[in-house]
Amino acid sequence: MSDDVDTAEVTGPDDDAADDALMAELRALASRHDPVPVEAIAAARSAIAWRTMDAELAELTGDSSVEPELAGVRGPGTPTLLTFEATDLTVEVEVVVQPDGSRRLLGQLVPAGPGMLEVRHRGGTVTAAADEVGRFAADAVAPGPVSLRCRLGESVVETDWCLV
Amino acid sequence: MNGAGDAGTAAEPYHEAVAGDVDGDHELVGRARKGDQAAWDEIVGRHGSRVWAVARAHRLNSADAEDVFQVTFLRLVTHIETIRDPGRVGAWLATTARHECLRILRRAGRAVPSGDSEILDAADPLLPPLEANLLADERQAALHAGLARLSEQCQRLLRVLMADPEPSYEEVGRALGMPIGSIGPTRGRCLKHLKRELGGI
């Protein structure tokens, strides 16, 4: 992109003041015309309720939907595979978009083993049990932010929030 | 930043005490870590407009922008114990919001902006169309129309800068993947183009 020749001219305090005034007008336009929706602010304020002290965080380390090498082979109905990793547990989740728009989560705990899961989502909480080989399924998950709370014996792991 | 002896000697010890916390974010994060709802509300109030502007600058529609907004603050709750520099929580939020915007764009197969001048799939407007009652305000209508005629890079940068309160250049850089040093000059050039579009109205 080439700079205009006229941008090289020296700007003075008057130009700076005029720029700031124009910027203030633009800011007023956005504040009046495109404010943060009140529902979004209310939801964000209530997010602090999800603060927990008793769980280890499993961070999102893999997302098949954003891996460039898969971009060419992905169709609209291709499930997304998410990977969350904590120190001693990996949670793999396949997200399947259902015809009604809800999400079905098919998961695998690694190392394989039984556990109880709570899927926290916009519509509430869905519980699921992982079987002896660590597989679990959760239906009717609302699109939007999702986090899984996994209880395995004494330990509790929570995944990072992720849009599904 | 300013030269030595800059009239601030009396404030030096105080400045030491609040170094890196000029906005009070460090303290707010500290209180939110203990579950202080008022502190958390203030973090949302203070940074919400900036997070929203990041989503809009990536041309997300309202539903996607709300998802980004919500997941960004949920992630902050999850990470609030461990973020390294609470005084720079704004930069953390800008980085997280941009990351979530890019995930939505990639999932939808839309073009992903890479810092500078790449054209974004302009399926969603930077600002919603003006409602009839605002069209009556000639100046606002002119600003809205003028903004839409600027380059993609200018529209995105100005939309982020339109957040209230105004983001720091570090936050803008994180929000758009731009080098901090290029923000000031680009802002000046974009406003100059906008003035030209406005034709001195």
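A, B, ... follow the sequence lines: proteins, then strands. Residue 1 opens every chain.
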Inset, instruction - Report the C-alpha distance between B/R189 and A/D19 in whole Å, list the side-chain angles of each, state the deciding distance to 0.1 Å, and finish with yes or no for salt bridge (charged side-chain N to carboxylate O under 4.0 Å, His left out). - result: CA-CA 10 Å; B/R189 183 167 52 78; A/D19 279 1; over 6 Å; no
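- Contact count versus chain A (heavy atoms, under 4.5 Å) is highest, among B/V44, B/D36, B/L158, B/T82, for B/V44.
- Heavy atoms from other residues, nucleotides or ligands lying under 6.0 Å from CZ of A/R151 number 12 at most.
- Applying the ring pair (Phe, Tyr, Trp, His ring centres under 6.0 Å) test to pairs two or more places apart or on separate chains, none has a residue in residues 152-189 of chain B.
- Nearest heavy atom pair, residue A/P145 against residue B/D67, reads CD-OD1, 4.3 Å.
- Residues A/R32 and B/D164 are not paired through a salt bridge, judged by the lack of any N-O separation under 4.0 Å between the basic side chain and the carboxylate.
- Residues B/L198 and A/E25 are not in side-chain contact: their nearest non-hydrogen atoms beyond the backbone lie 4.5 Å or more apart.
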Legend entry - Evaluation steps, salt bridge (charged side-chain N to carboxylate O under 4.0 Å, His left out), between A/D63 and B/R107: CA-CA 10 Å; A/D63 179 353; B/R107 282 182 176 185; 3.3 Å; yes
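- For the set A/L22, A/V146, A/I41, the entry with the most heavy-atom pairs within less than 4.5 Å of chain B is A/L22.
- Chain B is approached within less than 4.5 Å, heavy atom to heavy atom, by A/A44, A/R45, A/A47, A/I48, A/W50, A/R51, A/M53, A/L57, A/E59 from residues 44-59 of chain A, ordered by number.
- Residues B/W52 and A/P35 form no side-chain contact, since every pair of their non-hydrogen atoms from C-beta on lies 4.5 Å or further apart.
- Proximity to chain A is limited to the backbone of B/A163, based on heavy atoms less than 4.5 angstrom apart.
- Annotation: side chain of B/E66 is in contact with side chain of A/P37 (closest heavy-atom distance under 4.5 Å).
- If you tally non-hydrogen atom pairs under 4.5 Å between each of B/V71, B/T78, B/T72 and chain A, the highest count goes to B/V71.
- Taking non-hydrogen atoms and a 4.5 Å limit, the residue list of residues 107-143 of chain A in contact with chain B, ordered by number, reads A/R122.
- For residues 153-164 of chain A, the interface with chain B (any heavy-atom pair closer than 4.5 Å) comprises A/D160, A/W161, A/C162, A/L163, A/V164, sorted by residue number.
- For chain A, the nearby parts of B/H144 are the backbone and the side chain; heavy atoms of each come within less than 4.5 Å.
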Legend entry - Steps toward side chain to side chain contact (heavy atoms under 4.5 Å, CB included) verdict (A/D34, B/R159): CA-CA 10 Å; A/D34 189 23; B/R159 183 62 188 90; 3.0 Å; yes
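- Using a 4.5 Å cut-off between heavy atoms, B/R187 contacts chain A through its side chain alone, with no backbone atom that close.
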Inset, instruction - Go through the steps for A/V36 and B/V51 under the test side chain to side chain contact (heavy atoms under 4.5 Å, CB included), then give the verdict. - result: CA-CA 9 Å; A/V36 187; B/V51 170; over 6 Å; no
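- Note: B/L143 leads B/L143, B/L147, B/I80 in heavy-atom pairs under 4.5 Å with chain A.
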Legend entry - Worked check of salt bridge (charged side-chain N to carboxylate O under 4.0 Å, His left out) between B/K195 and A/D15: CA-CA 11 Å; B/K195 282 179 215 158; A/D15 293 317; 5.2 Å; no
Legend entry - Verdict with reasoning, A/L60 to B/R103, per side chain to side chain contact (heavy atoms under 4.5 Å, CB included): CA-CA 13 Å; A/L60 180 67; B/R103 290 183 71 227; 4.1 Å; yes
